[in-house]
Every structure is written in C-alpha cells, then in structure tokens.
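We're numbering straight along the sequence, starting at 1. In what follows, every heavy atom counts, from backbone to side chain, and hydrogens, waters and symmetry copies are set aside.
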Amino acid sequence: MSADPTQVLAFETDCHIFDGCGFPAPGLHSFLFEPLVGDGTSNVYFDKTMLLALLGSVIIIGFFWAAFRKPAVVPGKLQMVAEAGYDFVRRGIVYETIGKKEGEKYVPLVVSLFFFVWMMNLWSIIPVAQFPVTAIISYPAGLAAIVYILWVSLTFKRHGFVGAFKNFTGYDKSLGPVLPLAMFIEFFSNLLVRPFTHAVRLFANMFAGHTLLLLFTIASWYLLNGIGIAYAGVSFIMVIIMTAFELFIQALQAYVFVLLTCTFIQGALAEHH
C-alpha cells in the first residue's frame, strides 16, 4: 500500500481480499492532495484542485471563444453547440425565472456560473483528473458568496434600507402577534441559512458521488483475487452505472445551482407586498 495515506487510489495498492489485509476504504484522505507548488504547511501553495479549476476555466473560455470568434449566419457544429448551451441557460433558466426584461443583464453571469460548475463537476469522470473540484467546500462556498453579495446588494439597491429589511424578514403586518417571530425566522433563514444551503447542496452531492465512485472502484480492485473475481465483476458494473448516474447528477447540480441563483436575483428585484 502507498506510504502516503492521502494518496490511496485503487491502482496504488497491492492489497487484495484473501491477502490478509483490510479493505482500503475511501475517506477524508481521498480528498486531500499534496501541493504541486509550495509548502503544504504554509498558506501559499498550488494543488491539484486549483490546477483543475484553472484548466476548467481555460477550457470554458477557449470553447466559447472558438465558437463565437467568427460567428456565422449559418452556424458550424461548434457554434451550434455553444449557441444551444447559451440559449438553454438564457431562455430555460434566466428568462423563465427572472423574466426577459430584467434578466437579460444577468445572462452572462448565469451562463458563466452554469458552465463553470458543470466543468468542475465533470472532472470527476475524466481520466487522470478523476476528482470533482466542487467536492472541496471552498469552491462552492466561494461561488455561493458571489451570488450572496450580488443578491444582498441588489436588494438594497432596488428597495432601499427599509424595503430591503422588509424583503429579508418577510414583513407582513397582517400576521399580528406572531409577526416578530416570523420576521426573526425569515431573517435567519434568508441571510444565514440560504447561502449556506446554496453551497452545501452542491458540495454534498459531489462529495457523496465521488465517494461512491471511489468505493466501487477500489472494491473492484480489492476483490480481484481468487473467488473474489466474480464479485469484482459486479463491483465494476456498479462503477459503470455510478459513472453514468454521476453524468446526470453533475449536469443537474449545475442546473440547480444557477436556478437558485436566478431565484435569489428574482427575489431581490421583486416588489415587496
């Protein structure tokens, strides 16, 4: 087995069933990586997840630049794919949630968020990379923070201080005696719980999905010994099934993340009644 417990992968261990060694189950160590540049004991370093995030950004920018640098009336295949993706987010998410008039100015942001999150998720099933960047909480938290700052600033800009306070607290004088309690719950839910769940929803799904993929992949290798080969085949089939399922979840989580983003923006722009 690898001497470094932070680098336990299925192909890095000689441990098999009936060899007298335990199952090298995935855990938190499966989400830790040695710095590629810098010292892990300091605050300045560059690791695999940062590299994947950087490469993902370059891939997305390069794709759209190549697709739209010379736009044609009759689009080629690359431009057609890019336009389909752009229109899906613009019409299917932004327009449907915020509306065409108000939402048009937010289309570039939402499109960028959608494809960035999707690309970061896709790294999980890409050979060599094989790790979803969004399974590290700091990345979803950073994206959620951007949305949170935009949402709060838009609310104050559109409604002013008093109007924003009513928006955040769900102020409704018809509630009578329970109004203070309702306002406290709404304030806590909107300003504290909402951004937290926005980040954790994406993180938790990708963390769980990657853990399951690791579990079945390592199990396929671990069982590859003696009679265990039959079970290894079943485990490998599960790897294929989970990979296909992850493809769906990766796109779905990108969709949910930007859908919630648009919901927040729409709430900030809506008039309080």
Side-chain angles (χ1 to χ4, degrees), residues 49-50 52-54 56-61 63-64 85-124 132-161 163-170 185-209 249-272:
T49 59
M50 297 175 186
L52 293 178
L54 179 61
S57 301
V58 171
I59 290 171
I60 295 168
I61 294 171
F63 170 74
F64 280 102
Y86 188 88
D87 269 355
F88 167 73
V89 178
R90 180 177 64 175
R91 298 179 185 277
I93 302 178
V94 179
Y95 287 3
E96 288 293 325
T97 308
I98 305 175
K100 183 176 181 180
K101 182 179 179 181
E102 292 276 21
E104 188 63 44
K105 67 177 70 174
Y106 303 105
V107 170
L109 170 67
V110 178
V111 169
S112 300
L113 282 174
F114 176 81
F115 283 99
F116 180 77
V117 172
W118 193 11
M119 186 70 240
M120 297 305 101
N121 294 348
L122 276 173
W123 283 124
S124 174
V133 176
T134 43
I136 302 298
I137 186 62
S138 57
Y139 293 94
L143 295 174
I146 293 173
V147 175
Y148 178 78
I149 292 170
L150 173 64
W151 166 54
V152 172
S153 60
L154 276 176
T155 304
F156 278 107
K157 182 179 180 181
R158 175 60 66 95
H159 304 288
F161 180 81
F165 179 77
K166 290 181 178 180
N167 188 294
F168 292 139
T169 59
I185 293 173
E186 283 293 310
F187 182 84
F188 180 80
S189 174
N190 285 329
L191 291 181
L192 297 177
V193 176
R194 179 179 286 189
F196 175 77
T197 56
H198 195 199
V200 170
R201 181 180 285 105
L202 173 59
F203 157 74
N205 277 279
M206 299 317 301
F207 183 94
I249 294 298
Q250 288 159 1
L252 178 63
Q253 287 306 311
Y255 175 83
V256 170
F257 189 88
V258 296
L259 180 64
L260 289 174
T261 297
C262 289
T263 302
F264 297 162
I265 294 174
Q266 190 276 333
L269 299 175
E271 293 296 330
H272 178 77

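More than 12 heavy atoms of other residues, nucleotides or ligands shown are found within 6.0 angstrom of CH2 on W151.
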Note to self: Please evaluate residues H198 and Y148 with respect to the criterion ring pair (Phe, Tyr, Trp, His ring centres under 6.0 Å), reporting the C-alpha separation (whole Å), side-chain torsions for both, the decisive distance (0.1 Å), and the verdict.
What the structure shows: CA-CA 9 Å; H198 195 199; Y148 178 78; 10.0 Å; no

Next item on the list: Just do the side-chain contact (heavy atoms from CB on, under 4.5 Å) check on W123 and T134 with the steps written out, would you?
Entry: CA-CA 9 Å; W123 283 124; T134 43; over 6 Å; no

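Residues V117 and Y139 have side chains not in contact (no heavy-atom distance under 4.5 Å, counting atoms from C-beta outward). In this structure the side chain of L269 reaches within 4.5 angstrom of the side chain of Y106, judged on heavy atoms. For the pair R201/N205, a side-chain contact is recorded, criterion being any heavy-atom separation below 4.5 Å from C-beta on.
The aromatic ring centres of F115 and F63 sit 6.0 Å or more apart.
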Donor-acceptor list for residues 185-193 side chains, cut-off 3.5 Å, not counting sequence neighbours:
residue: N190; atom: OD1; partner: R194; partner atom: NH2; Å: 3.2
residue: N190; atom: ND2; partner: F168; partner atom: O; Å: 2.7
residue: N190; atom: ND2; partner: E186; partner atom: O; Å: 3.2

Could you tabulate the donor-acceptor pairs under 3.5 Å formed by side-chain atoms of residues 250-263, not counting sequence neighbours?
residue: Q250; atom: NE2; partner: N121; partner atom: O; Å: 3.2
residue: T261; atom: OG1; partner: F257; partner atom: O; Å: 2.9
residue: T263; atom: OG1; partner: L259; partner atom: O; Å: 2.9

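Of the inter-residue distances, the one linking L54 atom CG with T49 atom OG1 reads 11.5 Å to the nearest 0.5 angstrom. Note that the CG atom of L154 and the CD1 atom of I149 stand 12.0 Å from one another [nearest 0.5 Å]. With rounding to the nearest 0.5 angstrom, the CG atom of D87 is 4.5 Å from the CZ atom of R90.
Proximity of a side-chain donor or acceptor of N167 to a complementary backbone N or O of G267 within less than 3.5 Å is detected. With hydrogens and angles ignored, the 3.5 Å screen pairs no side-chain donor or acceptor of T97 with any backbone N or O of V94.
Closest of all the heavy-atom pairs between A144 and A199 is CB-CB, 3.8 Å.
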